[in-house]
Amino acid sequence: MFDICIIGGGVAGLMLAHSLPSSMSIVILTKEDSFTSNTSLAQGGIAASLAPYDSPSTHALDTMLATANHANTERVDLLVHEGKALVEKLMSQGLPFDATSSGIPDLGQEAAHTKRRILHAGGDQTGKILMHYLLKQTQEKVTRLPFHTVLELKIDEGRCTGVLVSDEHGHRHIIYATHVVLATGGIGQLYSQTSNSSVATGDGLSLAYHAGAILEDLEFVQFHPTIFTLNGKSCGLISEAVRGEGAFLVNQDGVRVMNDVHPLLELAPRDIVARVIEWSWQKNDPVYLDARHIHGFEKKFPSIYANCVRHGINPLHELLPVRPGAHFHMGGVQTNDVGETSIPQLYALGEVASTGVHGANRLASNSLLEGLVFAERLATRLVENLILPGQKRTLQIQTHMPHGELTNMQLRMTEQVGIIRQENELHEFISDFPVKRLKLCDYSNQQIQYFHRYTTSSLIAKSAYLRTESRGGHYRHDYPTSSTDWTGKVIEQSIYGVSIGTRKIERKETVK
């Protein structure tokens, strides 16, 4: 019996463990080794208003503008104010960062930020270095169980009391804990093109759904504009920071594709850039990133440079073919401002959670910040050891495991629930992949893992079908503009049905 069971070992899970007192017994479960996560792949950095020319209020305004009038203003305020203080504290405690010759942070520029405020480490290796730092900080505090896949959350009297897991040998065990934290990351592997880690399969959303938790904003998927793509295959992410340093997007004739599209050109919000690139590809007009003029590219972006060269293209002299791929999920398990879900003793942090700070379109480099900030907030709440009464509800169980082929489902997610969506294709997808509820433990480990992918894919498609407008990362070809009828409205899904909630999106006149 543990005090805290953390499912996932990226920035959110590790920061939570780091922030909790050593007196608590903590176990961290990871599907693969302790280092495999989206965090370790994060090239961009951490957004924080560290410079004297910047402020949390400016960071908040940039965030709200990028999130397509769908972010929770109060949560954004928490993010930028507490984020600045927390990043400064971590830096003072030894978190590595890139600095100028005078020792101050060498801050980078990314899309939709009006200031240079991106803290980097190792150029384009921020996530990897942050992981090393947090793993070292927590090595004496936690029990690590790598190669443990969570199959089901255990619910007793309306509360989450533990998890059913499969270990590296395929043997099943129940791990009991007073508090269970979902920090399972993203959903990129539900799509055929993605920048995400192999473990980002959306399991956490399906686990929470089957446990009875409320999920929200599932339709909002961010597709990174610049996935290095060769012969139709994703070969790695090319960070937004490359465009921040001046790289251009051009077609095969050398014409800049963002001309006359947006005043920020290549630094427009990601959803806009991604759609322009995808439309161009669909017209058989490939898009390339021209970074040849960036001085010192190989030093500023060492891992990107090495990856490109490994695939036979030198970015110092050649154009880089790029196409959008699934990158970040703005929606997730509904939480309050300390990570509590609608189920007592079950919590969610990081990309699997929906805190409301990303709205319909995440601002670049706010994701690592979110993981850090809300992990620390949850740690404070867990120390208070609040256990709320659960609510017994009757669940209807179906008996037939859906069948299907994973690759086909991924391709259909890309084609029908991807960057450009429309009613008939969404309806076809949810008809072919209807949401079902099963007694999961009756099935094999492999079947359960497939079913978690199936469930999350279907839930995303259903939300996309229901939202009859375009907003941020959700673009409907048949409803190409935002609708005032949908402004501030949130699609919530649970095993008990679909409902429409509201969000506090009103901007304050000043953000102190």
Side-chain angles (χ1 to χ4, degrees), residues 8-19 35-50 56 59 62-63 66-67 75-76 78-91 93-98 105-113 116-135 137-138 183-186 188 195-197 200 222 224 237 239-241 244 270 303 327-330 332 339 348-355 357-358 361-379:
V11 59
L14 289 176
M15 185 62 190
L16 174 61
H18 175 51
S19 303
F35 199 73
T36 301
S37 70
N38 272 355
T39 298
S40 64
L41 300 178
Q43 297 173 347
I46 306 171
S49 54
L50 304 175
H59 187 183
D62 289 349
T63 298
T67 52
R75 305 276 177 88
V76 169
L78 291 175
L79 177 76
V80 298
H81 282 84
E82 295 182 14
K84 178 180 187 294
L86 179 54
V87 171
E88 288 174 336
K89 181 175 76 172
L90 290 172
M91 291 165 61
Q93 293 175 346
L95 175 66
F97 62 91
D98 294 344
D106 186 11
L107 301 173
Q109 178 73 53
E110 289 190 356
H113 289 269
R116 294 184 72 93
R117 67 165 65 97
I118 313 304
L119 183 73
H120 294 276
D124 57 0
Q125 302 176 84
T126 308
K128 184 182 298 184
I129 290 172
L130 177 60
M131 282 284 289
H132 280 301
Y133 173 80
L134 290 173
L135 284 168
Q137 295 297 314
T138 57
T184 52
S195 63
N196 283 193
S197 161
Q222 187 175 80
H224 197 287
L237 177 69
S239 170
E240 192 121 335
R270 285 179 173 173
S303 66
H327 184 59
F328 188 85
H329 195 199
M330 279 71 76
L349 288 175
E351 193 170 347
V352 72
S354 176
T355 61
V357 298
H358 302 307
N361 189 40
R362 174 183 66 104
L363 181 64
S365 290
N366 269 356
S367 51
L368 291 179
L369 186 69
E370 179 199 24
L372 294 169
V373 168
F374 286 90
E376 187 177 62
R377 292 181 67 81
L378 175 56

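Heads up: numbering here begins at 1 and tracks the sequence. Just the heavy atoms: all of them, side chains too, but no hydrogens, waters or symmetry mates, feed the values below.
Between Gln125 atom CD and Gln43 atom CD the span is 9.0 Å, to the nearest 0.5 Å. Atom-to-atom distance recorded for Ser367:OG and Gln222:CD is 8.5 Å, nearest 0.5 angstrom. Taking CG of Leu41 as the start and CG of Leu237 as the end, the distance is 8.5 Å to the nearest 0.5 Å. Put simply, CG on Leu349 and OG1 on Thr184 are 10.0 Å apart, with the number rounded to the nearest 0.5 Å. Taking CD from Gln137 and OG from Ser19, the interatomic distance works out to 10.5 Å, rounded to the nearest 0.5 Å. Summarising the geometry, atom CZ belonging to Phe97 is positioned 12.5 Å from atom OG1 belonging to Thr126; distances are rounded to the nearest 0.5 Å.
Lys128 is linked by a salt bridge (charged side-chain N to carboxylate O under 4.0 Å, His left out) to nothing, counting only residues two or more places apart in sequence or in another chain. Qualifying salt bridge (charged side-chain N to carboxylate O under 4.0 Å, His left out) partners for Arg117, counting only residues two or more places apart in sequence or in other chains: Asp54, Asp62. Legend: residues meeting ring-ring contact (aromatic ring centres under 6.0 Å, His included) with His120, ordered by chain and number and at least two apart, are absent. Checked against ring-ring contact (aromatic ring centres under 6.0 Å, His included), His358 has the following partners two or more places apart in sequence or in another chain: Phe328. With sequence neighbours excluded, the residues satisfying side chain to side chain contact (heavy atoms under 4.5 Å, CB included) with Leu86 are Met15, Lys89, Leu90, Leu372, Val373, Glu376. Under the side chain to side chain contact (heavy atoms under 4.5 Å, CB included) criterion, Ala348 pairs with Leu182, Val333, Thr335, Thr341, Val352, Ala353, not counting sequence neighbours.
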Side chain to side chain contact (heavy atoms under 4.5 Å, CB included) evaluation trace for Glu240 with His224: CA-CA 8 Å; Glu240 192 121 335; His224 197 287; 4.0 Å; yes

Pair Leu79-His59, side chain to side chain contact (heavy atoms under 4.5 Å, CB included): steps then yes or no: CA-CA 10 Å; Leu79 177 76; His59 187 183; 5.5 Å; no

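Here the closest heavy-atom approach between residue Pro105 and residue Met91 is recorded as CG-CE, 3.5 Å. When all heavy atoms of Ala66 and Leu363 are compared, the pair lying nearest together is CB-CD1, 3.8 Å. Leu95 approaches Tyr133 most closely through the heavy-atom pair N-CE1, 3.6 Å. Of all non-hydrogen atoms in Glu110 and Ser239, the two that sit nearest each other are OE2-OG, 4.4 Å. In terms of heavy-atom proximity, Ala375 sits nearest to Ala12 at CB-O, 3.5 Å. When every heavy atom of Asn38 is checked against every heavy atom of Ala200, the shortest pair comes out as ND2-CB, 3.9 Å.
Here the side chains of Gln109 and Ile118 are not in contact, with every heavy-atom distance at 4.5 Å or above. In this structure, Met330 and Thr67 have side chains that are not in contact, with every pair of non-hydrogen atoms separated by 4.5 Å or more. Between Leu368 and Leu130, some side-chain heavy-atom pair lies under the 4.5 Å cut-off. At least one side-chain heavy atom of Leu119 sits under 4.5 Å from a side-chain heavy atom of Leu107.
A distance-only check finds a donor-acceptor pair linking the side chain of Asp124 to the backbone of Ser303 [under 3.5 Å]. Listed for the Thr39 side chain is a donor-acceptor partner under 3.5 Å among the backbone atoms of Val11.
Thr138 and His18 form no side-chain donor-acceptor contact under 3.5 Å, judged by distance and modelled atom types alone.
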